[in-house]
Every structure is written in C-alpha cells, then in structure tokens.
Number of protein chains: 2
Amino acid sequence: MTLSEEDYIKAIYHLGKGEQTPVSTNAVAEKMDTKPSSVTDMVKKLSDKGVVNYRRYKGVRLTEYGRKIALSIVRKHRLWEVFLVERLHFSWDEVHEVAEQLEHVKSEKLIDELDKHLGFPKVDPHGDPIPSKDGEFKKAVKKLLSDALIGTNGVCVGVKDSSPPFLKFLDKNKIALGDPILVLEKEEFDGSLTIKINNKEMRISEQIASNLFVEIID
Amino acid sequence: MTLSEEDYIKAIYHLGKGEQTPVSTNAVAEKMDTKPSSVTDMVKKLSDKGVVNYRRYKGVRLTEYGRKIALSIVRKHRLWEVFLVERLHFSWDEVHEVAEQLEHVKSEKLIDELDKHLGFPKVDPHGDPIPSKDGEFKKAVKKLLSDALIGTNGVCVGVKDSSPPFLKFLDKNKIALGDPILVLEKEEFDGSLTIKINNKEMRISEQIASNLFVEIID
DNA sequence: ATAATATTTTAGACAAAACTAAAAATTTGT
DNA sequence: ACAAATTTTTAGTTTTGTCTAAAATATTAT
Ligand SMILES: [Mn+2]
Ligand SMILES: [Mn+2]
Ligand SMILES: [Mn+2]
Ligand SMILES: [Mn+2]
C-alpha cells in the first residue's frame, strides 16, 4: 500500500466506527481534506485491490482484508505515540503529527521490537487501545463523563477529541489520564458539571465533559 | 523537500565525497537505480530550487544549501541506525533499509530528542560519523586495513562496504567494531593479510581488508 | 409527485516522478 | 583530426494522486 492509500484506509476505518454502516464519500473527503472526486477515484482503486466494498452512490466499507490493514496502521500509529511520549519527552498534544508519518514506515520487525521495547502497552497517550499484532484489541469499557450520573466515581481513561487545543486545556487544568474523578453536581441549564478531581473541586463545561472518557469504579 | 528529492540529494552528497568535483548523471542514475534521463529531470528541478549547481553535460554539485540538507538527512539516517541497533536489537546488517525510510520523517524535535535519548552518539553502527545538529562532524582519522603496513597495531573502527553480505561475514568471523587488530603478514601475491584479532590469528583476503577501516594506535 | 437541493460521479486537466527512444554533446581511439 | 563509442539530454509517454467543472443520482421540501 502507498502512503496515500494507507491514509484513506485509516480514514475509512475511523469513520466507520460501528463497522456495518457504509461511509460516505463526502465524509472521507472532509476527514482527508481533499475533494469528493478524489475520494471516488481512490475508492475505486481500493475496491479493485479488495480493500473496500464499494457501490457507487452507496458509500464504502472496509473488507475483512481492509480492516486488517487499518488495524496494523492504527497499531503503528499508537505505538509510536507511546514511544514519543514515554521515551522522547513529547507531550500528548505533540505526538499526532509525527506519528502520522511514522505509521507508514514498513518493517514488521521494527514495530514488533518497538512494542517489546515499550513493554507491550495496552493504550496510547490518549487512552485509545493498541491493537495487538494479530489485530485484536479490547473495546475498553469507558463512557463519556457527560453521560455520568451525579455521584459517579470513576477514573479518567481517555479523550474523545485529541486536538492540541483540548489536550493543552486539560494540561493547564491538571487533568490527566489516570486521575480519579467524582461527579458532584450537574447543572440542568447548560449541562456543566462540578467534579472532584485530585481532591480539588472544579467546574467544567458540558463541551469538556463530552470529550472525556471515564471508567466507572463502582 | 519530497522523499524523492531527499534521496537524490543524499546520493549526490555521497558520490561527491571530496566535494569539489562534480558528480556525473550516470553515477547518480546507477546509485539511485534509475535511468540517466530521470536524473537529468530531477537535477534540473533541484537546480531551480537552489540545491545544486548544474550545467548540462558538466555534472552536478551540491550548493552550500544543498550540503546542509544532505547532512541533515545523513544525521537522521545514522541516528536511527544507532537507535535500531542499541534499543531495538537490530543487527548492523538489518538497519539500513529501515533507516532509509525513517530518515525522511519530518520533525526537528523528534531527531533532537532521539539524539539526546541515545546519549549524543558520535558514530553509527558502521563506524560512520554522525553530523551534529549544526552540520559539523569530524572526518575520522581512519585508514583502510589493506593500506596498513606489516606490524601495524590498530582498532577496527568502520566498514567501507556496509552491505548485509559483508557485515554478516564479519559477524560470522567475530570481527566487530572496537576490536584491536595487529597486522602480522601481507602476501605479495594476492594481497591477503594475516592478522591477529581478539588474540586469534586469521587470514583475510585483500577484498575484505580493503573494506575495513582501522584507526592506528602507534 | 415534482421541484429544489445536496451528494456523488464522470470527464478532462495537471504536476510529480518515472520510463523509452532518439538526438546532441562529449570523450576516446587511431 | 576525425570517426567511433560513450554519456547526457530532449521529446514524448505513463502512472499516481490530485483538482475543477459538469453531469448524474439521491434526498428533501412543498
Ligand atoms: Mn499518515
Ligand atoms: Mn492517539
Ligand atoms: Mn531514503
Ligand atoms: Mn550506516
């Protein structure tokens, strides 16, 4: 697979979360920052290669083969992110761009040794699970903080939005993965929450809460 | 610079060892495993970009700017090689192909942190010097073992040929960088040498000797 | 149901990087 | 010096991945 093909495969994978439903041409174009016509061209090529199922005007879905490829790229992306943060002192808002390049380096030995070197991590710096060599990975049992009821006791385990602005906001407010969170209050009017995190009370907007994953520990 | 441009720049740099003399189109084509006509096209483009000086039929030379770029690519290549060998258990004959890809990853922070992480190594696994961030590096005072006189006492510090077959041969014969070497005999007829290495006497062909660098310690 | 709107595809063009075949310039041999 | 051989460049294609503009299809609203 070429670099470009790999990026398309990854985009289709991420957009097709739930799997079954086909992904629209426009959605791919938006995510990849290209034009829909370019997506159509590429999708035809990927279809010829057996990577996706495609019927015109009906959207596109990864085949089993395509899913394998997607998972291997995601695995590489996330392992590199762990490496950058844990070994090279990158902060979690700086890794994405570099991992975007590193994920395309071709060498099975490289990625297996990297995995071993890092102690077979299960999640990346944003709390996203790292697929194993054979493409398996557990869908973590996490829910959005914005969906948690008052009194919920949990641990912060991931972010939905991993854009630098959001991650920097969390850093600034000393919210990190692994932190225990208790939901104290929920404002009906704007959905904002009062939480206790690291023994400190703070109020966060619904926009923040809907981008933070927690694992409930009841 | 694109990946392809970077590979051309690196090739021109390596071919132009002594600096001054221009590099021929055919030489670049051979090294890059492409056709001379492709080289001509690329060299024109690099000339437009100010990376090389080019006059048709007269060959090509890197500009000062081009040399900077070349050194930064060589730096990345060699630092990654060190990483692969020292941290990921690659052997020295496996690293080149992967470093060939990693050298193109764009991130100044990445390479500076990698350098730090590795303890600012001075040479790569083949004994080749690693340029510093600002493009300086010492031309090691090494000479070919085949040029050494009888009685010479030295340390093996590098290889001229770093192809897997040669490196594997050295491994098999327990010859490694850092090993002390004493030249015992030199056969007039075929140029072969009898050397003492690691307290063991062995005979090596002139072809081997002419691809091993030693630093003399007299 | 039909018109308006939005989405998707097709057709045609372009830039990057490669190739082949032929022409031009240089180098070599006598 | 001049012919032969070699090297290098030019001209014309090809492939990959992109784009714009226009046509086709699907969706939504009246
Ligand atoms: Mn990518
Ligand atoms: Mn991530
Ligand atoms: Mn390369
Ligand atoms: Mn090397």
Side-chain angles (χ1 to χ4, degrees), chain A residues 1-17 20-62 66 69-70 73 100-101 103-106, chain B residues 1-17 20-62 66 69-70 73 100-101 103-106:
Chain A
M1 297 294 150
T2 67
L3 188 148
S4 197
E5 287 169 342
E6 290 189 348
D7 280 339
Y8 274 96
I9 292 169
K10 196 167 56 123
I12 294 166
Y13 172 79
H14 284 308
L15 290 168
K17 294 179 195 296
Q20 342 300 12
T21 47
V23 176
S24 81
T25 301
N26 265 11
V28 177
E30 176 147 358
K31 170 150 273 202
M32 302 269 311
D33 201 27
T34 56
K35 302 293 168 180
S37 52
S38 305
V39 174
T40 302
D41 285 347
M42 179 58 88
V43 145
K44 281 180 184 166
K45 191 173 23 145
L46 292 177
S47 181
D48 289 345
K49 287 195 172 195
V51 172
V52 300
N53 286 123
Y54 166 68
R55 283 183 12 256
R56 61 203 214 301
Y57 292 103
K58 299 297 182 185
V60 67
R61 277 166 29 202
L62 291 178
I69 296 171
I73 301 166
E100 203 60 41
Q101 300 176 64
E103 72 190 357
H104 301 289
V105 174
K106 268 122 193 126
Chain B
M1 296 295 150
T2 66
L3 188 149
S4 196
E5 288 170 343
E6 289 188 349
D7 279 338
Y8 274 97
I9 292 169
K10 198 168 55 125
I12 294 166
Y13 171 79
H14 284 309
L15 290 168
K17 293 179 195 297
Q20 342 298 13
T21 46
V23 176
S24 81
T25 300
N26 265 11
V28 177
E30 176 146 0
K31 169 151 274 203
M32 302 270 309
D33 200 27
T34 57
K35 302 292 169 181
S37 53
S38 306
V39 175
T40 302
D41 285 347
M42 179 57 88
V43 145
K44 281 180 185 168
K45 193 179 14 155
L46 291 177
S47 180
D48 289 344
K49 287 195 171 194
V51 172
V52 300
N53 286 123
Y54 166 67
R55 281 178 18 252
R56 62 202 212 303
Y57 293 103
K58 298 299 181 184
V60 67
R61 278 166 27 200
L62 291 178
I69 297 171
I73 302 166
E100 202 61 40
Q101 300 177 64
E103 73 190 355
H104 302 289
V105 174
K106 268 118 191 132

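Note that the structure is predicted; figures quoted are calculated from it, not measured. Throughout, a chain's letter reflects where its sequence line sits, starting with A, and its residues are numbered from 1.
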Let me know, please, whether A:Thr2 or B:Ser24 comes out on the 5' side of the other along DNA chain D by nearest nucleotide. B:Ser24

If you round to the nearest 0.5 Å, how far is CE of B:Met42 from OG1 of B:Thr40? 11.5 Å

Hey, which of these two, B:Ser37 or B:Met42, hits DNA chain C nearer its 5' end, going by closest nucleotide? B:Met42

Check whether more than 12 heavy atoms from other residues, nucleotides or ligands sit under 6.0 Å from atom CG of A:Asp48, and answer yes or no. yes

Could you tell me whether B:Thr40 contacts a base, only the sugar-phosphate backbone, or nothing, with contacts defined as non-hydrogen atoms closer than 4.0 Å? base

Any A:Lys44 side-chain N or O less than 4.0 Å from OP1/OP2 of C:dT10: yes

Residue A:Pro36, side-chain heavy atoms: nucleotide from D:dT8, C:dT9, C:dC19 that is nearest: C:dT9

Least distance between heavy atoms, A:Met1 atom then A:Lys49 atom: CE-CD, 4.2 Å

What is the distance from CD of A:Glu5 to P of D:dT16, rounded to the nearest Å? 9 Å

Kindly say if A:Tyr8 contacts the phosphate of D:dT18, meaning a side-chain N or O under 4.0 Å from OP1 or OP2. yes

Do any side-chain nitrogens or oxygens of A:Tyr54 fall under 4.0 Å of OP1 or OP2 in C:dT8? no

Expressed as a whole number of angstroms, how long is the span from A:Glu30:CD to C:dA6:C1'? 14 Å

Can you tell me if A:Asn26 touches the phosphate of C:dA6, counting only side-chain N or O atoms and a distance under 4.0 Å to OP1 or OP2? no

Which whole-number value in Å describes the distance from B:Asp41 CG to D:dT10 P? 9 Å

Check this one for me: any side-chain N or O of A:Ser4 less than 4.0 Å away from OP1 or OP2 of D:dT18? yes

If I take atom CG in residue A:Leu46 and atom C1' in nucleotide D:dT16, what distance separates them, rounded to the nearest angstrom? 13 Å

Nucleotide D:dT16, atom P - distance to CE of A:Met1 in whole Å: 13 Å

Rounded interatomic separation in angstrom, taking NZ from B:Lys35 and C1' from D:dT10: 17 Å

Given C:dA18, is OP1 or OP2 found less than 4.0 Å from the side-chain N or O atoms of B:Ser38? no

Between A:Lys31 (side chain) and A:Ala29 (backbone), is there a donor-acceptor pair under 3.5 Å? no

I want to check one thing: is the phosphate of C:dT7, taken as OP1 and OP2, less than 4.0 Å away from some side-chain N or O of A:Arg56? no

B:Thr34 has its side chain closest, among C:dT9, C:dA18, D:dT20, to C:dA18

Look up atom CG in B:Leu46 and atom CG in B:Leu62, then write down how far apart they are to the nearest 0.5 Å. 9.0 Å

